Amino acid sequence: MGNSSKIKSLSKKIAASLIKNEMPNDLETSEIFDAKTKAQMLSEIKSGKYSDLLKEIDTEKDWKILERKIQQQTRKSFKFWYYGAAATVALLITIGFVFNKTNQDQDFDEPIIVNNNIKIGTDKATLTLEDGSDVILEKGQVYESNHVASNGEELVYKTSKQKQTTDNYNILTIPRGGQFYILLSDGTKVWLNSESQLKYPIAFTEGKTRQVELVYGEAYFDVSPNTEHKGAKFKVFNRSQEVEVLGTEFNIKAYKDDTNISTLLVEGKVSVSTAVENQVLVPNQQSTLNLETNKISITTVADVYNETAWRDGIFSFENKPLKEIFKVLSRWYDMDVIIENKVKTEERFIGTFNKSNSIEDILIAIKSTNFINSYEINDKTLTIK
Amino acid sequence: MRGGKDELTLETYKKLFEDLYPQLCVFAYKYLNDLDLSKDTVQEVFVKVWEDKITFQNENHATGFFYKAVKNKCLNYLKSKQYKVTERYELANLEVYDTEEYYISEAVAIETTAVIEKAINKLPEKAAQVIRLSIEDYTNNQIADELSISINTVKDHKKIAYRKLRDFLSFLTKK
C-alpha cells in the first residue's frame, strides 16, 4: 500500500519533535511531499487547526453505535457497503475500488501497452428483417420502414393491433462492444447488453399471449402491462426456460458461455418455468437455472441496482470475483482477456465504473488495489499479470 | 495492536477504533465538509472491515488502510450523483483530492495533531497551556506574557511536562 503505511510512524515522530520543541527532521527529509506541502502541513499542525474538531468527536458514544451495527450485521449478514449512487442513475466517474482483503506492500511493474485497439463500447446492433436481410444500426445511421424506425441508438416499433396471427419476426443482434434499446410494438421496453440476441414479432396479435425469445445474452425488460392488452400475457423464452409475465420489470442473463440462466425480478411478478419446474418470483428475488442439472434455485438480491446498472451506462460490481469482472468487461470492450495463473481471480471487489471510461482508466483503478501487479494490452488482447 | 494474521476480537477492534476514529472523522470532514456525514462514513468503513474479517500486519498497516479506505469512500460520495445535487465542491478539486500527496499530507497533519492532543491531555492544565504555546512557536518570554506568569514558571511547567511525557515520547520515537 505504499506511502499510506507511513502515516502512523511519520506522525508519531513529527509529534515527538514538536512537543520537544525540535525541528521535525522526519518531515523535512520525507520524500512523499514537496517543500510547499511540508510548510503547509507544519503550519496546520502548529496552529492546532484540527484540535477543536477532534474534541467534538465522542469516541466512546460512537463505539457503542458501531458495536450495535456490527452485532446487527453479524445476525442479518446483509450487505452493508452502500454507494451514494446506488439509488440513482448514471453520471458516475471512475471510482476507486475498495478492496476487502489484506494485501502486502510490493513492487509493481509498469503496464505494457502495445498498439491498444481496445475500444469503448457503443450503441450498435444488427437488425435482421423478416426476409432475412440485415440492417446495421449504429450512431448516425437512420433507418425507417413501414413498421419500425431507428436513429442508430434505439429501435422503435410502431404501435399496431393486428387482428390475425402473424409469423413475421425480426431479430436484433448486439455484438460484443455494443448495446441497444428497443421499444416493441406493444410498448414493452427492452435494453439489450453486449453479445445478446432478441427475437420478437413485428407486431403482436391482439388478446393473444405475447412471445419473444432472448436467444442468448442479457436483457432488461420493462413489460407493458397485460391490462393494456386485453389481458394478453407476455412470455420470454430462453433455451430451456420460460418466463411468464404480467406487466413488470426484470433482468435475464443467459450468456452463451454461462452454464446458468439468471432471472432477476425488479418489480411486479413473474413465473419462471422449465419443462418440469415452475417458480414464482417476488421483487428482489433472482432465480438461477443450472443448465447442467436443469434445477432452479432462488436467492434474494439486496440491491438490484448492481445487477441492472448496465442499462444506465454503469458497471456496478458488488463483491464480485475478479474473473467475473473481467468477463463482463470483455463483452463491453470486445477484448480477449488472459489472466495469468498467479493472479487470484477469486478475490472479490467492490467498485463502480462508468461504461464510457476507457479500459485503461478501469485497469488503473483495479491495479491501485495492488491485487494485480500489472497488465499488458496488445491489439485487442488484455493480459492481467 | 497485534501482529500476525489472526482474526480481530471485538476488544482489539475497540482499541483500534479508539486509536483512529476521531482522526479519521476529521480527515473525512476535509472532504465532505459535514461532520455527521463524516462520522457515518468512517463507521461504515469500520463495519465493512469487521464484516470482511480483514486483518492487519501492524499498526502502520492498519492506519494506512483506514485512511485510504476512508479517502476512497469520501471520493465515491463526492462523485456520486446524490452529492452532485448539492454541488458544494467543484469537480476540478476532485483530481487534487485523489492524489497520494494530498491525502497523505492531510492524513499526517491530522494524525500528528491527534498525537499531540493525546500528549497534552496527559498534562496538568497550566503545563498543557505552556506546551501548546510552545508548539505554536512562542518563545518562553512570549508564553510568560501570554499567560501572565514569570519566565521561570514557564520553564518549571516545561520541566513538569517533559517528565510526565517521558514514557509517551519514548513510545513515539521508538523504532
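None of these values were measured; they are calculated from a predicted model. Reminder, nothing fancy here: chain letters follow the sequence lines and each chain counts from 1.
- Ion pair Lys39(B)/Asp58(A) not flagged as a salt bridge, since none of the NZ, NE, NH1 or NH2 atoms sits closer than 4.0 Å to an Asp/Glu carboxylate oxygen.
- With a 4.5 Å cut-off on non-hydrogen atoms, Gln40(A) does not touch chain B at all.
- Looking only at heavy-atom pairs under 4.5 Å with chain A, the residue among Thr113(B), Val42(B), Asp137(B) that has the most is Thr113(B).
- Looking only at heavy-atom pairs under 4.5 Å with chain A, the residue among Ala109(B), Ala114(B), Ala107(B) that has the most is Ala109(B).
- Between the side chains of Tyr29(B) and Glu56(A), not a single donor N or O lies within less than 3.5 Å of an accepting N or O.
- Inspection of the Glu101(B) and Thr37(A) side chains reveals an N or O donor paired with an N or O acceptor under 3.5 Å.
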Please determine whether side chain to side chain contact (heavy atoms under 4.5 Å, CB included) holds for the pair Met41(A) and Glu106(B), giving the CA-CA distance in whole Å, both sets of side-chain angles, and the decisive distance to 0.1 Å.
CA-CA 7 Å; Met41(A) 288 164 70; Glu106(B) 290 297 339; over 6 Å; no
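- Residue contact with chain B, scored on non-hydrogen atoms closer than 4.5 Å, involves the side chain of Lys49(A) exclusively.
- Neither the backbone nor the side chain of Phe168(B) comes within contact range of chain A; no heavy atom of the residue lies under 4.5 Å from a heavy atom of that chain.
- In this structure, a donor-acceptor pair under 3.5 Å is absent between the side chains of Glu18(B) and Thr59(A).
- Counted by atom type alone, Asn21(A) and Ser134(B) present one or more donor-acceptor pairs between their side chains at under 3.5 Å.
- A cation-pi geometry, defined here as NZ or CZ lying under 6.0 Å from the six-membered ring centre and within 45° of its normal, does not hold between Lys69(A) and Phe46(B).
- A 6.0 Å sphere centred on NZ of Lys344(A) holds no more than 12 heavy atoms belonging to other residues, nucleotides or ligands.
- No other option in Leu53(A), Leu42(A), Ile65(A) has as many heavy-atom pairs under 4.5 Å with chain B as Leu53(A).
- Between Lys6(A) and Asn60(B), every side-chain heavy-atom pair lies at or beyond the 4.5 Å cut-off.
- The number of heavy atoms from other shown groups lying within 6.0 Å of NZ (Lys323(A)) does not exceed 12.
- The candidate from Arg132(B), Lys158(B), Glu136(B), Lys14(B) with the greatest count of non-hydrogen atom pairs under 4.5 Å with chain A is Lys14(B).
- No side-chain N or O of Lys20(A) forms a donor-acceptor pair with one of Tyr162(B) less than 3.5 Å apart.
- Residue Lys118(B) does not touch chain A at all, counting heavy-atom pairs closer than 4.5 Å.
- Residue Ile120(B): no heavy atom, backbone or side chain, is found under 4.5 Å from chain A.
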